[in-house]
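The next block holds one structure in the form of structure tokens; read it before the comments.
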Amino acid sequence: LSNSLCSNERYPMKSERRHELEQNVLADWAGDVIASTKPYANLILGGLLLITIVAVGGTLLVRKSRAEAARAWEDFYPAMINGSFSDLNDVAENYRGTSAAHWALVMVGDLRLNEGCNELFSTRAGAREELKKAVEAYDRALAESKDSTIRERATFGLARAWEAQGDLDKATDFYKKLV
């Protein structure tokens with residue numbers, strides 16, 4: 001019985017001692033880390049502050065960008081429904097770089113192309129002016145947008161506009177680019 005008591009007493013002692021040593025190692029490591037980083041505390045805090053400022057600024061910028069895109073579409077739809085050149089041009093100018101602005105340019109091109117084609121039967125000078133404005137709108141949409149659908153629509157519009165002006169070589173080039 002005395003042997004079993006002695007052996008039971010050893011294990012709790014070893015376990016307690018082992019736990020005490022682990023705590024000391026952890027405490028020593030934490031102390032070493034704190035001591036080694038103390039000279040850089042201001043730099044670390046400054047870095048964390050900078051990261052926080054960048055994160056907050058990025059979040060605000062994304063929210064502002066989304067709000068601007070939403071306003072652009074809110075202005076685009078009524079202008080498109082009304083078929084107003086000036087309203088669509090306003091969307092393209094006021095919201096540069098947005099998808100709504102690029103679509104507004106394509107719509108201006110489409111409306112000008114249709115107007116120019118209709119005027120071909122009445123006033124040639126007016127038709128040329130409308131077709132020139134259509135080409136300008138499509139060219140700008142191509143230059144500003146990376147969206148493949150917008151670029152295809154603008155390229156198709158350019159081909160049709162050059163064809164309506166009688167420049168079949170340019171029209172053919174744009175049709176080939178489209179294909």
Non-hydrogen side-chain atoms of [X] and [Y] separated by less than 4.5 Å:
| X | Y | value |
| --- | --- | --- |
| Val135 | Leu113 | no |
| Leu178 | Phe174 | no |
| Leu105 | Tyr138 | no |
| Arg160 | Thr155 | no |
| Leu88 | Leu111 | yes |
| Thr37 | Ile44 | yes |

Return the [atom1] to [atom2] distance between [X] and [Y], rounded to the nearest 0.5 Å.
| X | Y | atom1 | atom2 | value |
| --- | --- | --- | --- | --- |
| Ile53 | Leu48 | CD1 | CG | 11.0 Å |
| Trp103 | Ser145 | CH2 | OG | 8.5 Å |
| Lys133 | Arg112 | NZ | CZ | 4.5 Å |
| Asp147 | Arg153 | CG | CZ | 11.5 Å |
| Leu131 | Leu120 | CG | CG | 5.5 Å |
| Thr123 | Glu130 | OG1 | CD | 9.0 Å |

Indicate the atoms forming the closest heavy-atom contact of [X] with [Y], along with that distance.
| X | Y | answer |
| --- | --- | --- |
| Ala159 | Ala171 | O-CB, 3.4 Å |
| Ala100 | Phe76 | O-CD1, 3.8 Å |
| Gly109 | Ala134 | O-CB, 3.5 Å |
| Ala35 | Pro39 | O-CD, 3.5 Å |
| Gly116 | Ala127 | O-CB, 3.4 Å |

Inset, instruction - Consider only side-chain heavy atoms of I, L, V, M, F, W and Y, link residues closer than 4.5 Å, and tell whether Val91 and Phe85 are in one cluster. - result: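 Shared cluster, yes.
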Inset, instruction - Report whether Met80 and Val108 are members of the same hydrophobic cluster (ILVMFWY, side-chain heavy atoms less than 4.5 Å apart, transitive linking). - result: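 Yes, because Met80 and Val108 connect within a single hydrophobic cluster, where side-chain heavy atoms sit under 4.5 Å apart.
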Legend entry - Those residues that, when tested against Glu144, pass salt bridge (Lys or Arg N to Asp or Glu O under 4.0 Å) (two or more places apart):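 Listed in chain order: Arg96, Arg140.
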Legend entry - Heavy-atom neighbours of Asp32 CG exceed 12 at 6.0 Å: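 Yes - once you tally the heavy atoms of other residues, nucleotides and ligands closer than 6.0 Å, there are more than 12.
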Legend entry - Any donor-acceptor pair under 3.5 Å from Thr98 side chain to Tyr95 backbone: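 Checked: pair present.
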Legend entry - Under 3.5 Å: donor-acceptor pair, side chain of Arg151, backbone of Leu142: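 Answer holds: yes.
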Legend entry - Residues clustered with Phe121, ILVMFWY side-chain links under 4.5 angstrom: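 ILVMFWY cluster around Phe121 holds nothing else.
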